[in-house]
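Remember, it's 1-based here, ligands and their atoms both numbered in the order they're listed. This chain uses plain numbering: 1 for the first residue, then up along the sequence. Heavy atoms only: backbone and side chains are in, while hydrogens, waters and symmetry mates are out.
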Amino acid sequence: MKILQDLSYDELCSLVQDMGERPFRARQIYEGLMQGKKISELPVPAAMRGALLAEYADEPVKIREVFTAEDGTKKYLFELTDGNLIEGVLMSYRYGNTQCVSTQVGCRMGCKFCASTLQGRLRDLTAGEILSEILAVNRSEGGTLKDRKVTNVVLMGSGEPFDNYGAVVKFLRNLTAEGGVHISARNVSLSTCGLVPEMRKFAEEGIPLNLTVSLHATTDGERRRTMPIANRYSIREILDACSYYFEKTGRRYIFEYSLIEGENADMVHAEQLASLLKGRPCHVNLIRLNPVKERNLKGTDERTAQAFLKELTSRGISATLRRSMGSDIGGACGQLRANYLGREDPQHKGEEDT
Ligand code: SAH
């Protein structure tokens with residue numbers, strides 16, 4: 001079954017024309033879909049719904065379960081049309097709600113601390129499936145197109161966004177398009193483990209979002225211990241690609257650094273990180289690693305994390321330590337975890353001061 005939500009408004013117009021239908025139907029279908037409606041609920045003649053349902057999935061992403069934490073964080077379990085399950089998280093902040101979306105079923109990057117890669121990558125999501133995660137949550141939260149309940153999006157769920165490049169870029173174009181969900185690229189963050197060629201290519205797409213890179217180490221040798229992708233690209237190449245992104249978009253970039261006991265969290269690492277990043281238009285998000293039960297890596301204690309933060313900031317690096325939220329519902333589901341779950345969102349602060 002194909003996914004109708006894959007289509008941009010223009011593509012939908014062509015489809016409606018090919019079906020021999022009147023042009024205004026395209027707008028009706030588009031608005032219905034962007035409100036999270038199923039095809040079977042669209043306000044078009046039954047014959048047209050039937051023709052669409054013969055080819056397209058009625059509801060590509062179904063909410064199977066919702067878990068709500070004491071702090072209001074919600075974790076969603078979604079079911080895809082082939083029975084695969086993916087997860088998403090919705091976090092409330094003063095300025096709105098941020099949804100974390102998955103881009104693949106599983107992941108093949110193999111990071112040693114991450115739960116989403118344990119079984120490898122089952123398949124890529126399509127652009128419309130990624131968008132449908134948001135459409136489903138906005139609707140279930142009582143949001144509409146005018147009054148959205150999802151105001152910010154982070155691509156930090158399962159999957160490596162740049163390992164599914166085409167679908168992710170298409171999703172981002174549809175997400176930010178006027179007349180649709182229309183979330184500004186400034187309110188979107190994409191996190192990558194550092195696929196350098198795709199980072200450079202993305203700099204030229206004209207989508208000025210918050211580019212976030214999972215660094216987690218200060219030398220290539222140490223990075224290779226936890227992140228296999230470090231065998232392909234060096235930290236130097238990653239930093240150069242970040243500079244290129246800044247040059248093309250004017251957007252500062254962000255590094256994720258998960259503090260792992262006995263691995264990357266000593267004072268010497270803080271010094272090395274500061275000297276790597278000194279003078280760069282960037283921000284560092286620190287988080288204490290969430291233990292994944294299948295892995296034997298542990299996060300640092302709070303004091304070590306605070307000391308690491310202090311060392312970085314005293315050396316002139318913009319950095320924040322994020323708090324875990326939603327842990328009582330397993331909001332820390334290994335990967336859909338906590339580094340974006342802090343009350344203070346530096347990416348948002350970044351928007352205010354740029
Ligand atoms: N594949 C992308 C995005 C998905 S993961 C990437 O690698 O950036 C989002 C973030 O969570 C990444 O920074 C990832 O390294 C981090 N992460 C994964 N498992 C974690 C864990 N157990 N504790 C803390 N952070 C984790």
Quiz item: Is the distance between the ring centroids of His269 and Tyr257 under 6.0 Å?
Solution: no
Need the ligand 1 atom indices (1-based, order shown) with element for anything under 4.0 Å from a heavy-atom of [X].
X      : result
His216 : 13 (O), 14 (C), 15 (O)
Glu256 : 13 (O)
Ser258 : 24 (C), 25 (N)
Gly159 : 1 (N), 2 (C), 3 (C), 4 (C)
Cys193 : 6 (C), 7 (O), 8 (O)
Cys114 : 18 (C), 19 (N)

Quiz prompt | Gly157 touching ligand 1 at heavy-atom level, < 4.0 angstrom | solution =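 It does; at least one heavy atom falls under 4.0 Å.
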Quiz item: Taking side chain as C-beta onward, heavy atoms only, is Phe202 less than 4.5 Å from Leu209?
Solution: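 They are in contact (side-chain heavy atoms under 4.5 Å apart), so the answer is yes.
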Exercise. For residues 157-182, pull every pair meeting salt bridge (charged side-chain N to carboxylate O under 4.0 Å, His left out), keeping only residues two or more places apart or in separate chains.
Key: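 Non-adjacent pairs meeting salt bridge (charged side-chain N to carboxylate O under 4.0 Å, His left out): Glu11-Lys170, Arg108-Asp163, Arg173-Glu205.
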Quiz item: What pair of heavy atoms forms the shortest contact from Val61 to Ala136, and how long is it?
Solution: O-CB, 4.1 Å
Quiz item: Do ligand 1 and Glu160 have nitrogen or oxygen atoms that lie under 3.5 Å from each other?
Solution: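 Between Glu160 and ligand 1 (N or O atoms, distance only) the closest approach is under 3.5 Å.
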Quiz item: Purely on distance, is any nitrogen or oxygen of Phe113 under 3.5 Å from one on ligand 1?
Solution: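 Yes, there is a polar N/O contact under 3.5 Å.
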Quiz item: Does Lys2 pair with Glu55 as a salt bridge, N-O distance under 4.0 Å?
Solution: yes
Exercise. With rounding to the nearest 0.5 Å, note down the distance linking CZ in Phe78 to CD in Glu65.
Key: 12.5 Å
Quiz prompt | Between CD on residue Glu256 and CG on residue Asn285, distance to nearest 0.5 Å | solution =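 CG of Asn285 is found 4.5 Å from CD of Glu256.
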Exercise. Would you mind finding which of Ala115, Ser191, Ser116 brings a heavy atom closest to atom 3 (C) of ligand 1?
Key: Ser191
Quiz item: Hey, is Thr212 touching ligand 1 through its side chain, its backbone, both or neither, going by heavy atoms under 4.0 Å?
Solution: neither
Quiz item: Just checking, is any N or O donor in the side chain of Asp220 or Ser234 under 3.5 Å from an acceptor N or O on the other one?
Solution: no
